[in-house]
Amino acid sequence: MQKSLLRDKIVRLILQSAASMSILIVILIFVFLGKEGFSFLLDPGISELFGTKWNPVSFDKELFGIIPLFTGSLLATVLATIFAVPVGVVAAVYIAEVASPAEREIFKPFIELLAGIPSVVVGFFGLIVVAPFVKNLFGLSSGLNALTGSLLLALMAIPTIVSISEDAIRSVPQAYKSASLSLGATKLQTIWKVTVPASLSGIVAAVMLGIGRVIGETMTVMMVTGNAAVITTSPFASVRTMTATIAAEMGEVPFGSHHYAALFCIGIVLLLMTFGLNMIAQRVMRKYRMG
Amino acid sequence: MTDDYLKKTKIQAKNVDFFYSDTQALFDVSMDIPEGRVTALIGPSGCGKSTFLRTLNRMNDVIDGTRLTGKITIDGQDIYAPEMNVFTLRKRVGMVFQKSNPFPKSVFENIAYGPRIHGNNDRTSLTEIVERSLQGAALWDEVKDRLDDNALGLSGGQQQRLCIARALAVNPDILLMDEPASALDPRSTARIEDLISELRGDYTIIIVTHNMQQAARVSDITAFFYEGHLIEFNKTKQIFTKPSKQQTEDYITGRFG
């Protein structure tokens, strides 16, 4: 008896520490990002970050304005969301409500496969297929722009959106659908007016996770967006995202320099953005949760 | 069955066999359901009474592999004919389920849902329909100040009456009720039974119930099902006082089932 109690305690402790690990890691990431980025706030000062030019290596004056990087990320993310959400949600509805079991057996593994493609491979696909396509379609001088980047980002967000939305849609009680059908609604009316609204919390969560993936994505956007740090709202302009900036410049930056600290500050901004997104997602999920 | 008030047939089932894939659930069921009266379907679990109920609004259609032979007519119209529009049929034949299933929407939107999907988007007209339907289901006084509240916040009995109101909102002339009070407390059950009595006359009601007293209280006609067969179909009074079949008597006196 005593022995089994002890064993219980030990197992509990092991499980607890495993679970606490994730909290610890998040805190540590915050701490170390803050530690490295903090020096920037003292010298040259936080206001430098709000400049409109990112020109960290210069003989004249180094500029660390992250606004163009922020808008670059924002533009790519917004466009990718616009592409990915309708496609993802419609696909999820189709797979959950319309597709025959046999079709579902085909779709599901392919979508999971799509989720597992390394982003650098998606980048290759972008370089050799999507970028030339976008270039020819719109008659541009280069296909390396925000549009190409966001198309590929959408491609990567879609599997997340589809699989989580599909779970949510499938968990809507049959009773709601029966009620709708018994009133003379068609299957389509039932889907759009009952099933989808009833699973909205899950769909929103799926979309948020998809956007999270898009914001954090680095390799693909670095390969296909052209990487010009300019403030723009044009999808045909070349943009540079925060993630790509960190990835591209971290390797060459002198340790402890202003530039080095600035990159960490970008990391903090990214972290805060995903954090905010998660919080919004949770708020929305709670609000729409059905009793 | 000579009484005048049972004379006009609303629904006629003729030699109905029903199959779930390979399993036959109904065997040669024939009955004439009178207009404007309450018909109770009784029998032990799995006897086919719910299946029969669902053949009347073709809700069995949504299950893969189901098949029906024989003929069911409503007002003389074959509801399984190829030209029959199943959505129009279901609009005419309302249904209330065993477990109340309001949508996770407001009280108003629950009632307005039916009229909306049939093309009514006029706010004034919808408001009027909502009030009329809720009054029809004896719920108006309790919820008239809570029309914008989520329907899932209502009590179990209120939710079930809301479902009845929702069914009434599309102006059916037949109401199918699948054990509508089985999940409710006695007081809510009594309210539902009162409601059924009020609706009687305006609607042809077919109710599946496990509760013998309920069948005796609310119905004019009773059909006793056993293992997919319609054993006895007669005036409720007759069935409960002088059943003609031994099986019926055994069931209603509680000897099996």
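Under 4.0 Å is where a charged nitrogen must lie from a carboxylate oxygen, and between E97(A) and K187(A) no such pair does. A salt bridge between E142(B) and R161(B) is present, with a side-chain N of the basic residue lying under 4.0 Å from a carboxylate O of the acidic one.
Neither the backbone nor the side chain of P172(B) comes within contact range of chain A; no heavy atom of the residue lies under 4.5 Å from a heavy atom of that chain. Of the atoms belonging to V93(B), it is backbone heavy atoms, and not side-chain ones, that fall under 4.5 Å from chain A. Looking at K99(B), there are no atoms closer than 4.5 Å to chain A (heavy atoms on both sides), in backbone or side chain.
Of the possible donor and acceptor atoms, none in the side chain of K10(B) sits under 3.5 Å from a partner among the backbone N and O of P34(B).
Among the candidates M59(B), M95(B), R58(B), the residue making the largest number of heavy-atom pairs closer than 4.5 Å to chain A is M59(B).
Because its NZ or CZ atom is not both nearer than 6.0 Å to the ring centre of F87(B) and within 45° of the ring axis, R92(B) does not count as a cation-pi partner of that residue.
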